[in-house]
Amino acid sequence: MREVRVRFAPSPTGPLHIGGVRTALYNYLFARKMGGKFILRIEDTDQVRFVQGAEQYIIDSLSWCGISFDEGVHVGGPHAPYRQSERKDLYRQYADQLVESGKAYYAFDTPEQLDSLRKEYELRKETFQYGPSTRMVLSNSLTLPVDQVKALIGSGTHFVIRVKIPDNEIITVNDLIRGTVSVESSLLDDKVLFKSDGMPTYHLANVVDDYLMKVSHVIRGEEWLPSAPLHVLLYRFLDWEDAMPAFAHLPLLLKPDGNGKLSKRDGDRLGFPVFPLQWTDPKTKEVSSGYRESGYIPEAFLNMLALLGWHLESDQELFSLDELVEAFSIDRCSKSGAKFDPEKARWFNHHYLSAKPAAILAGYLIPVLKENGIDAGRDYVEKVCDLVRERIVLIPDLWEQSWFFFNDPISFDEKVAAKIWKKETPQLLEDYIDILKRTEPFTSVNIETVSKQFVKDKGIGMGQLMTPFRLTVVGTNAGPGMFDMASIIGKDTIISRIKSGITKINT
RNA sequence: GGCCGGUUCGUCUAACGGUUAGGACGCCAGGUUUUCAUCCUGGUAAUAGGGGUUCGAUUCCCCUACCGGCUACCA
């Protein structure tokens, strides 16, 4: 069996969105699983849509995910360069070869001419197709005399090279996910292979590079399925059929509600990122949020993406990247599009984040503390993290759930106060302070013991003490257990907060 | 419009032609708890419709409907 070589081949036309990340992930998993190579090729043949910084964004995004490459623009390799714009000179010879063998031809029609032709057809409720039925009445090397063609090209007239699609032939694509897909050749257009700006189109560049880079499997999005027959034809025309890669067309990622392809708009509308990393549009300066900046961690992000279109027969849904590599296979990929579920993404993040060691969590929290001018000891921060870990979905929640370990509350929830703050509460808390003062050492169990005795002596329920206590310490009725919290915050601070709370809430 | 692909709980999905159609997220209820979360237990909920084939279709075939993609000198 031939060596497995797969590639992720994005266009640097903007930020990579999560569908692209999933395509990259599946390619990566397949390469690793099969002991093959994974290539990053940049398909920057469209000079108009090229966006500055997009390539670096793609590299950074996948690197954040932990997806690594064996060859590519950023790491080099035996088939360098890996940027199609730098391989520009390569493609023309293959296009010419196709012309010479009668499989392609030069065409001189201008975009304007073709546009007006399309409009004419549309008026008649027909669809214009540059193909077997029309090519003989258009301006190309099939209709023009050889001398004139040479003269036109020699004089620098703009031309494109179009594939000459055969008439009445069934072309079949074998897809690893969808089985055999057949199409009648005359339904394909005489697609442009080589543009007038000297660049190849996707179709040509893709086939040439996959051949040259010895790509064994093309795993890409479903939007390519309609042009796959053309690619098959190109391999045949170039006499590379023996080396043709296997194809696998992945289902698309759809918007969570309604219908259609997932887009940036959906993320904005529904409040979730569609990009792995934050992206600033170089032209409009518009900033789009990313999973990283929103506080997701890579293992959760990848696990979530992996399951959007792939599943084992077993019920297992939790996978590390290594486990994914071990478990992955193309034949377990599904055929239908998957609606993206931001809630499930959050759940995965909560799952992985809350299982992190305190040292890691502290590493996330300390920079936030610094931003807030807080310089707490590492040991203290780790203790806090251990206490709040279960309540965390996204990294910023760490601060949201723990700020009161570092700062006194500045306000007190009025609704809670109205409900539980009674006339006798201040005196109750004063008495409680006396008890706390005498509690030594000030540990969670000791505080619990004295508190239980205290409410017993007072003949009240635990809640009658704890809720006001909590209100003075945290400012509201949420947070970890009071005994653990109090022991970590420390006796002096706790007592001063209770006192402060009594005066502030009373007024 | 044409071509291609798709269709199992709200969502992601599992199920050699024979299962009480399973799991996860969400939601609901109960439990744990000093609060809010977490966590635990339970519940809710699906084979798009119609024809075939078959002793028996979620599973195979056909039709319809719906959804998606493609239909550029964009990828």
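The analysis underlying the following values was restricted to heavy atoms, covering all of them including side chains, and did not include hydrogens, waters or symmetry mates. Residue numbers start from 1 in every chain, and the chains themselves are labelled A, B, ... in the order their sequence lines are given, proteins ahead of strands.
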> Using purine N1 to pyrimidine N3 plus N6-O4 or O6-N4 for Watson-Crick, or N1-O2 and O6-N3 for G-U wobble, both under 3.5 Å, which nucleotide pairs with B/A21?
Replying inline: none

>> Between A/Arg220 and A/Leu225 (side chain of the first, backbone of the second, donor and acceptor by atom type, cut-off under 3.5 Å), is there such a pair?
In response: no

> Does the side chain of A/Arg118 get closer than 4.0 angstrom to OP1 or OP2 of B/C73 through an N or O atom?
Replying inline: yes

> For A/Asn446 and A/Thr439, does a side-chain donor sit closer than 3.5 Å to a side-chain acceptor?
Replying inline: no

> OP1, OP2 of B/A75 versus side-chain N and O of A/Thr45: anything below 4.0 Å?
Replying inline: yes

> Looking at residues at least two apart in the chain, or sitting in another chain, which of them share a ring pair (Phe, Tyr, Trp, His ring centres under 6.0 Å) with A/His351?
Replying inline: A/Trp347

Show me the protein contacts with nucleotides 38-41 of chain B, counting only N or O atoms at under 3.5 Å.
{"residue": "B/U38", "atom": "O2'", "partner": "A/Glu390", "partner atom": "OE1", "Å": "2.3"}

> Whom does B/A65 pair with, Watson-Crick or G-U wobble, provided both distances fall under 3.5 Å?
Replying inline: B/U7

>> My understanding is that only residues two or more places apart in sequence, or in another chain, count here; which of them pass ring pair (Phe, Tyr, Trp, His ring centres under 6.0 Å) with A/Tyr94?
In response: A/Trp240

> Would you call A/Arg83-A/Glu55 a salt bridge at under 4.0 Å N-O?
Replying inline: yes

Between N or O atoms, less than 3.5 Å apart, protein on one side and nucleotides 6-13 of chain B on the other: list the pairs.
{"residue": "B/C12", "atom": "OP1", "partner": "A/Lys339", "partner atom": "N", "Å": "3.0"}
{"residue": "B/C12", "atom": "O2'", "partner": "A/Leu307", "partner atom": "O", "Å": "2.9"}
{"residue": "B/U13", "atom": "OP1", "partner": "A/Gly309", "partner atom": "N", "Å": "3.1"}
{"residue": "B/U13", "atom": "OP1", "partner": "A/Ser334", "partner atom": "OG", "Å": "3.4"}
{"residue": "B/U13", "atom": "O2'", "partner": "A/His311", "partner atom": "ND1", "Å": "3.4"}
{"residue": "B/U13", "atom": "O2'", "partner": "A/His311", "partner atom": "NE2", "Å": "3.3"}

>> If the threshold is 4.0 Å, N to carboxylate O, is there a salt bridge linking A/Glu424 and A/Lys458?
In response: no

>> I'd like the P distance from B/C27 over to B/C61, given in whole Å.
In response: 39 Å

>> Less than 4.0 angstrom from a charged side-chain N to a carboxylate O is my criterion; do A/Lys344 and A/Asp341 meet it?
In response: no

>> Assess whether a salt bridge exists between A/Glu122 and A/Arg118, defined as any Lys/Arg side-chain N lying under 4.0 Å from an Asp/Glu carboxylate O.
In response: no

> Mind checking the P distance from B/C55 to B/U47? Whole angstroms is fine.
Replying inline: 26 Å

> The side chain of A/Glu343 lies closest to which of these nucleotides: B/C4, B/G26, B/A75?
Replying inline: B/G26

> Roughly, in whole Å, what's the span from CG in A/Asp189 to C1' in B/C70?
Replying inline: 10 Å

>> Reading RNA chain B from 5' onward, which residue's closest nucleotide shows up sooner: A/Asp109 or A/Leu225?
In response: A/Leu225

Set out, line by line, the N/O atom pairs under 3.5 Å between protein and nucleotides 31-34 of chain B.
{"residue": "B/U34", "atom": "O2", "partner": "A/Arg470", "partner atom": "NH2", "Å": "3.4"}
{"residue": "B/U34", "atom": "N3", "partner": "A/Met482", "partner atom": "N", "Å": "3.3"}
{"residue": "B/U34", "atom": "O4", "partner": "A/Met482", "partner atom": "N", "Å": "3.0"}

>> Taking only the C1' atom of each, what is the distance from B/U11 to B/G50 in whole angstrom?
In response: 28 Å

> Once you round it to whole Å, what is the distance between P of B/C73 and CZ of A/Phe50?
Replying inline: 22 Å

> Across all strands shown, which nucleotide pairs with B/C70 by Watson-Crick or G-U wobble geometry, both distances under 3.5 Å?
Replying inline: B/G2

>> For A/Lys255, is the NZ atom crowded, meaning more than 12 foreign heavy atoms sit under 6.0 Å from it?
In response: yes

>> Any strand counts, and the cut-off is 3.5 Å on both contacts for Watson-Crick or G-U wobble. Which nucleotide pairs with B/C16?
In response: none

>> Could you identify the nucleotide paired to B/C60, looking across every strand shown and requiring Watson-Crick or G-U wobble geometry with both distances under 3.5 Å?
In response: B/G52

> Which whole-number value in Å describes the distance from A/Arg7 CZ to B/A75 C1'?
Replying inline: 12 Å

>> If I pick the C1' atom on B/A15 and the same atom on B/G23, what distance separates them, to the nearest angstrom?
In response: 11 Å

>> Check the orientation of A/Tyr202 and A/Trp224. Use parallel for under 30°, tilted for 30 to 60°, and perpendicular for over 60°.
In response: parallel

Distance-only donor-acceptor hits, side chain of residues 392-402 of chain A, under 3.5 Å, sequence neighbours excluded:
{"residue": "A/Asp397", "atom": "OD2", "partner": "A/Val393", "partner atom": "N", "Å": "3.0"}
{"residue": "A/Asp397", "atom": "OD2", "partner": "A/Leu394", "partner atom": "N", "Å": "2.8"}
{"residue": "A/Ser402", "atom": "OG", "partner": "A/Leu398", "partner atom": "O", "Å": "2.6"}

> Where the side chain of A/Glu43 is defined as all heavy atoms beyond and including C-beta, which of B/A72, B/A75, B/G69 is the nearest nucleotide?
Replying inline: B/A75

> How far does the P atom of B/U13 sit from the matching atom of B/G6, given to the nearest Å?
Replying inline: 14 Å

> Expressed in whole Å, how much space separates the C1' atoms belonging to B/G2 and B/U58?
Replying inline: 32 Å

> Hey, which of these two, A/Leu187 or A/Asp197, hits RNA chain B nearer its 5' end, going by closest nucleotide?
Replying inline: A/Leu187

> Hey, does the side chain of A/Asp44 reach the backbone of A/Phe50 with a donor-acceptor pair shorter than 3.5 angstrom?
Replying inline: no

> Less than 3.5 Å between a donor and an acceptor, one on the side chain of A/Thr127 and one on the base of B/G1, is that the case here?
Replying inline: yes

> At under 4.0 Å between heavy atoms, what does A/Arg162 touch on the DNA or RNA strands: base, sugar-phosphate, or nothing?
Replying inline: sugar-phosphate

>> Give me the distance, rounded to whole Å, that separates B/C4 from B/C40 when you measure between the C1' atoms they each carry.
In response: 49 Å

> Expressed in whole Å, how much space separates the C1' atoms belonging to B/C60 and B/G43?
Replying inline: 36 Å

> Stepwise, does the side chain to side chain donor-acceptor pair (under 3.5 Å) test hold for A/Glu299 with A/Asn303?
Replying inline: CA-CA 6 Å; A/Glu299 50 264 65; A/Asn303 196 154; over 6 Å; no

>> Within the 4.5 Å heavy-atom criterion, are A/Ile420 and A/Asn477 side-chain neighbours or not?
In response: no

> For B/C39, what is the paired nucleotide under Watson-Crick or G-U wobble rules, both distances under 3.5 Å?
Replying inline: B/G31

>> Between C1' on B/G2 and CZ on A/Arg124, what's the gap in Å once rounded to a whole number?
In response: 16 Å

